Amino acid sequence: MTITMTANYKEVLQPATVEFIEENCVEGEYDLDDALKFIDEHGEEDFVLFYDDYILAGEKIGYDVVDAFIEYHGVSYAEHAEDAYRGVYSSAADFTEEYYSEMGEVPSFLVVDWEATWKSSLYYDFDFVDGYVFSSSF
């Protein structure tokens, strides 16, 4: 059910959800429209349980990053988004090249297939989601 009118949320949401909204959106710092959108996308239970974690992570690393992370791992892992985040890259191969270059100098004469290296070496340790890279061991 999509909550389209902010005025009627008290009539359609569970008492615990309304209480959370009253404390954190009406009297607190959270935006009511953003909160209702989160409820539409993730449900009331996840809103009450994980919205604080979502907001904290979003304020630190950006909501687009957190949205990509929870799309892949689930909203219950929102608190891990900041620790898992490794950056934004145009491809997994670009991340792989930077990752191994930081470990030591890659000789310029060496021809490396970074995409194949990603698939054989880093694919299991990192997640590439919409250009964002996250460690899978958070």
Side-chain angles (χ1 to χ4, degrees):
M1 162 183 51
T2 301
I3 303 165
T4 55
M5 296 186 59
T6 58
N8 73 346
Y9 71 87
K10 292 179 185 179
E11 299 168 10
V12 296
L13 298 176
Q14 299 295 318
T17 307
V18 172
E19 181 180 335
F20 187 91
I21 289 173
E22 293 293 315
E23 291 174 6
N24 296 289
C25 300
V26 176
E27 297 173 11
E29 298 179 21
Y30 298 160
D31 181 73
L32 179 59
D33 290 334
D34 291 342
L36 295 176
K37 181 180 174 192
F38 185 94
I39 292 169
D40 284 343
E41 293 174 4
H42 303 286
E44 289 185 58
E45 183 176 344
D46 285 344
F47 172 73
V48 172
L49 293 173
F50 306 114
Y51 195 64
D52 286 327
D53 295 334
Y54 174 80
I55 292 294
L56 290 173
E59 288 175 348
K60 290 181 180 177
I61 61 175
Y63 290 100
D64 53 339
V65 177
V66 179
D67 288 339
F69 182 80
I70 65 175
E71 179 181 320
Y72 192 81
H73 291 285
V75 70
S76 63
Y77 291 96
E79 70 178 312
H80 301 289
E82 182 182 7
D83 291 336
Y85 182 56
R86 296 295 179 259
V88 61
Y89 298 86
S90 60
S91 69
D94 287 347
F95 168 73
T96 304
E97 181 177 7
E98 182 177 301
Y99 180 84
Y100 283 108
S101 295
E102 287 180 358
M103 294 177 113
E105 187 173 326
V106 177
S108 61
F109 60 83
L110 187 64
V111 177
V112 179
D113 181 340
W114 293 114
E115 187 64 35
T117 303
W118 164 262
K119 289 177 182 175
S120 68
S121 178
L122 296 178
Y123 176 79
Y124 300 103
D125 296 325
F126 296 93
D127 304 313
F128 186 79
V129 183
D130 298 332
Y132 302 107
V133 175
F134 302 99
S135 170
S136 58
S137 59
F138 48 86

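None of these values were measured; they are calculated from a predicted model. Throughout, residue positions are numbered sequentially from 1 according to the sequence presented.
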**Message:** Let me confirm one number: the NZ-CD distance from Lys10 to Glu19, rounded to the nearest 0.5 Å.
**Reply:** 12.5 Å
**Item:** Shortest non-hydrogen contact from Asp31 toward Cys25
**Value:** O-SG, 4.2 Å
**Prompt:** Honestly curious: do Val133 and Tyr85 fall in one hydrophobic cluster under the side-chain, below-4.5 Å linking rule?
**Reply:** no
**Asked** Parallel under 30°, tilted from 30 to 60°, perpendicular over 60°: which one fits the rings of Phe126 and Trp118?
**Response** tilted
**Side-chain touch Phe38/Val75, heavy atoms, less than 4.5 angstrom** = yes
**Prompt:** With a 4.5 Å heavy-atom cut-off, do Ile39 and Tyr9 have their side chains touching?
**Reply:** no
**Request:** Report yes if the side chains of Thr96 and Tyr89 come closer than 4.5 Å at any heavy-atom pair, otherwise no.
**Result:** no
**Request:** Assess whether atom CD of Glu45 is packed by more than 12 heavy atoms of other residues, nucleotides or ligands within 6.0 Å.
**Result:** no
**Side-chain heavy atoms of Tyr54 within contact of Tyr63, under 4.5 Å** = yes
**Asked** Less than 4.5 Å apart, any side-chain heavy atom of Ile55 and any of Glu29?
**Response** no
**Message:** Under 3.5 Å, is there a donor on one side chain and an acceptor on the other for Asp64 and Tyr132?
**Reply:** yes
**Stepwise side chain to side chain contact (heavy atoms under 4.5 Å, CB included) test for Ile21 and Phe47** = CA-CA 10 Å; Ile21 289 173; Phe47 172 73; 3.7 Å; yes
**Message:** Under 4.5 Å between side-chain heavy atoms, counting indirect links through other Ile/Leu/Val/Met/Phe/Trp/Tyr residues: same cluster for Val88 and Leu122 or not?
**Reply:** no
**Prompt:** Can you tell if the side chain of Tyr77 reaches within under 4.5 Å of the side chain of Phe69, non-hydrogen atoms only?
**Reply:** yes
**Request:** May I ask you to test the Glu22-Val18 pair for a side-chain heavy-atom distance under 4.5 Å?
**Result:** yes
**Request:** Over 60° means perpendicular and under 30° means parallel, so classify the ring planes of Phe134 and His73, tilted if in between.
**Result:** perpendicular
**Asked** Checking Glu44 side chain against Gln14 main chain: does a donor-acceptor pair fall under 3.5 Å?
**Response** yes
**Prompt:** Which heavy-atom pair separates Asp83 from Arg86 by the least distance, and what is that distance?
**Reply:** O-NH1, 2.7 Å
**Asked** Looking only at atom types and distance, does a side-chain atom of Ser136 sit under 3.5 Å from a main-chain N or O of Tyr124, one as donor and one as acceptor?
**Response** yes
**Prompt:** Are Tyr72 and Phe138 in one and the same hydrophobic cluster, where Ile, Leu, Val, Met, Phe, Trp and Tyr link if side-chain heavy atoms are under 4.5 Å apart?
**Reply:** yes
**Message:** Would you say Glu23 and Tyr30 are linked by a side-chain donor-acceptor pair, where the criterion is simply a distance under 3.5 Å?
**Reply:** no
**Asked** Do the side chains of Tyr100 and Val111 join up, straight or via other hydrophobic residues, at under 4.5 Å, putting them in one cluster?
**Response** no
**Asked** Okay, side chain of Ser91, backbone of Asp94: is any donor-acceptor separation there less than 3.5 Å?
**Response** yes
**Message:** Is there a side chain to side chain contact (heavy atoms under 4.5 Å, CB included) between Leu13 and Phe20? Walk through the geometry before answering.
**Reply:** CA-CA 11 Å; Leu13 298 176; Phe20 187 91; over 6 Å; no
**Message:** Please report the interatomic distance OG(Ser135) to CG(Asp127), rounded to the nearest 0.5 Å.
**Reply:** 8.0 Å
**Request:** To the nearest 0.5 angstrom, please state how far the CD atom of Glu97 sits from the OG1 atom of Thr117.
**Result:** 10.0 Å
**Item:** Heavy-atom side-chain contact between Ile61 and Val66 under 4.5 Å
**Value:** yes
**Request:** State plainly whether one hydrophobic cluster holds both Val129 and Tyr123, where clusters connect Ile, Leu, Val, Met, Phe, Trp and Tyr through side-chain heavy atoms under 4.5 angstrom apart.
**Result:** no
**Closest contact, heavy atoms only, Ala78 versus Ala57** = O-CB, 3.7 Å
